[in-house]
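Heads up: the structure comes next, in structure tokens.
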Amino acid sequence: MSNREKALSYAQENKEKFLDELKEVLRIPSVSTDSARKDDMLRVAEWLVEKLEVLGMENVEIFPTAKHPVVYADWLHAKDAPTVLIYGHYDVQPEDPLDLWETPPFEPTQRGDSLHARGASDMKGQVVATLKAVEAIVKNGELPCNIKFMIEGEEEIGSPNLLDFMEMHKELLAADFCLNPDAGMLGKELPSITYALRGLAYFEIHVTGPSHDLHSGLFGGAVRNPANTLMTLIAGMKDENGHITLPGFYDKVRAIDAEERAELAKLPVNEEFLLKQTGSPSLWGEKGYTPVEQIGARPTLDVNGMLSGFTGEGAKTVLPAKAMAKISMRLVPDQTPDEVYEQLVQYMEENAPDGVKWDIKVEHGGNPSISELGGVGVKAMSDAMSTVWGTPPLFKREGGSIPVVGDMQKALGIESVLTGFGLPDDRIHSPNEKQDLPTWYRGIDALIHFFYNLA
Ligand code: BES
Ligand code: ZN
């Protein structure tokens with residue numbers, strides 16, 4: 001039996017053990033945005049260190065950053081073989097609303113083929129899959145390539161400290177390319193490699209008017225209502241064709257050519273698929289583009305939350321003193337968060353009426369990216385997927401954001417192989433997040449093949 005075959009059968013024999021370890025780490029509520037969970041963040045980092053050391057990784061280290069630490073490790077003894085930088089994030093999104101979870105978010109629970117827990121799919125499941133693939137290999141021989149791990153704790157808050165970290169540790173992180181398993185696949189039988197991600201710019205807009213909430217009868221009609229004003233301003237940011245009206249917003253948007261449009265049209269993501277995934281009564285988006293293009297290749301501007309006035313039971317006749325909206329834009333190459341911020345400010349300056357004051361607070365952001373598909377990493381992953389699924393991967397654009405991908409091109413000059421074993425119906429960022437376990441096990445096998453294909 002070859003070492004590759006031994007590793008594959010080790011993975012087969014250790015399915016239960018692998019799953020137990022995934023459950024262990026899912027029990028730790030590492031919500032990066034929640035300052036009350038700082039200790040839990042550290043606990044996961046330490047959990048990773050222990051696992052990496054057991055695998056015989058070297059230079060295992062927790063690097064503190066301004067917020068949550070980065071875990072690093074390497075093994076660099078494969079002569080004449082490429083070096084892969086394996087990226088992961090150990091933080092997760094908040095679990096709220098808690099009452100919509102069928103079982104508690106940090107008590108991983110199996111129902112049928114699914115393992116339910118926050119982070120099961122995004123992306124502790126993917127991180128553990130890479131660790132277990134490496135384990136299967138090192139328990140049955142030597143790694144066929146050189147590997148470095150960089151696992152951060154700030155992805156879900158926009159990776160604010162990772163670009164600096166990479167720039168400070170260029171040599172330590174030097175690699176031929178990056179494996180980034182944070183981008184999921186299109187279906188159980190549809191392994192996928194992602195070549196484009198959208199960026200993100202996230203803001204809070206505050207509008208204030210009267211110095212205090214007013215009686216809406218005694219004063220209503222004679223002063224501006226901040227809630228109405230904010231709604232009018234937001235409504236004006238998009239026209240009836242779904243075009244965003246901020247000045248200059250599309251100037252840097254890279255057009256998709258006819259050839260790429262034809263390729264995207266072949267993907268099995270049709271109207272029926274999206275209606276099913278979203279539960280929306282119908283689809284709606286920018287005119288002139290298909291839904292796949294709207295999600296993968298066009299920017300958006302969306303309200304993520306709003307707050308103003310009375311929202312309790314019954315009625316209260318009040319004219320609110322202030323209103324707030326959380327607004328985010330998904331960006332495509334070559335837009336940048338800084339530029340769209342300027343455009344938003346200009347729009348507000350030109351359109352906000354007298355009688356209110358406004359202020360914009362910048363939350364996080366991240367650059368969009370396009371990855372090259374020609375490298376040895378994509379070939380090794382593509383072959384691995386063909387072996388495991390019996391069908392070659394689909395090449396897709398993703399609407400979500402992973403800031404590190406563009407940052408890595410900039411700081412380290414390397415491309416990423418973007419993939420993953422999460423599915424579109426995993427409800428990432430939502431209650432009842434799950435990981436499909438048969439797909440997870442296939443993912444581990446694919447990763448074992450991937451490392452061997454690089455030899
Ligand atoms: N893994 C996701 C992004 C993703 C999901 C990409 C599915 C491709 C397919 C990632 O963890 C994520 O959610 N990112 C955030 C980034 C943001 C907070 C800067 C996002 O997209 O909202
Ligand atoms: Zn996420």
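Index from 1, following the sequence. Numbering of ligands and ligand atoms starts at 1, following listing order.
Annotation: Lys396 places no N or O atom under 3.5 Å from an N or O atom of ligand 1; distance criterion only. Between Gln93 and ligand 1, not a single N/O pair is under 3.5 Å apart. Polar contact check, Glu155 against ligand 1: a nitrogen or oxygen pair lies under 3.5 Å apart.
Looking at Glu135 and Lys132, a side-chain N of the basic residue comes within less than 4.0 Å of a carboxylate O on the acidic one, giving a salt bridge. We find that Asp383 and Lys379 are joined by a salt bridge, their nearest charged nitrogen and carboxylate oxygen being less than 4.0 Å apart. With salt bridges taken as basic N to acidic carboxylate O contacts below 4.0 Å, none links Asp445 and Arg442. Salt-bridge annotation for Glu286 and Arg298: present, with a side-chain N of the basic residue lying under 4.0 Å from a carboxylate O of the acidic one.
Around atom 9 (C) of ligand 1, the closest heavy atom drawn from Gly158, Ala183, Gly400 belongs to Ala183.
Within the structure, ligand 1 lacks Arg198 among the residues with a heavy atom less than 4.0 angstrom away. Met123 does not count as a contact of ligand 1, since none of its heavy atoms falls under 4.0 Å from the ligand. In this structure, Gly366 falls outside the shell of residues with a heavy atom less than 4.0 angstrom from ligand 1. Using a non-hydrogen distance threshold of 4.0 Å, Ile428 registers as a contact of ligand 1.
Annotation: Lys51, atom NZ; neighbour count of heavy atoms from other residues, nucleotides and ligands within 6.0 Å is above 12.
Distance check for Glu156 against the Zn ion (ligand 2): an N/O/S atom falls below 2.8 Å.
Between Phe421 and Trp389, the ring-plane angle classifies as parallel under the 30° and 60° cut-offs.
A donor-acceptor pair shorter than 3.5 Å cannot be found between the side chains of Tyr87 and Glu155. Asn304 and Ser328 form a side-chain donor-acceptor contact under 3.5 Å, judged by distance and modelled atom types alone.
The parts of Asp182 lying near ligand 1 are both backbone and side chain, judged by heavy-atom distances below 4.0 Å.
Rounded to 10 degrees, the OD2-metal-NE2 angle spanning Asp122 and His429 at the Zn ion (ligand 2) equals 100°.
In terms of protein heavy-atom proximity, atom 16 (C) of ligand 1 is closest to Ser401 O, 3.4 Å. Scanning the protein heavy atoms around atom 18 (C) of ligand 1, the nearest turns out to be Glu156 O, 3.4 Å. In this structure, atom 22 (O) of ligand 1 lies nearest to the protein heavy atom Arg330 NH2, 2.8 Å.
The Glu398 neighbourhood of ligand 1 comprises atoms 8 (C), 9 (C), with distances under 4.0 Å to a heavy atom of that residue. Near Leu200, the atoms of ligand 1 lying under 4.0 angstrom from a non-hydrogen atom of the residue are 17 (C), 19 (C). Less than 4.0 angstrom separates some heavy atom of His89 from each of these atoms of ligand 1: 11 (O). Residue His364 approaches ligand 1 through these ligand atoms, each under 4.0 Å from one of its heavy atoms: 18 (C).
Rounded to the nearest 0.5 Å, atoms CD1 (Ile28) and CZ (Arg37) are 12.0 Å apart.
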Inset, instruction - Would you check, one step at a time, whether the test ring pair (Phe, Tyr, Trp, His ring centres under 6.0 Å) holds for His169 with Tyr72? - result: CA-CA 11 Å; His169 297 96; Tyr72 174 88; 8.4 Å; no
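The side-chain contact (heavy atoms from CB on, under 4.5 Å) with Thr278 is formed by just one residue from the set Ser280, Ser282, Pro281; it is Ser280.
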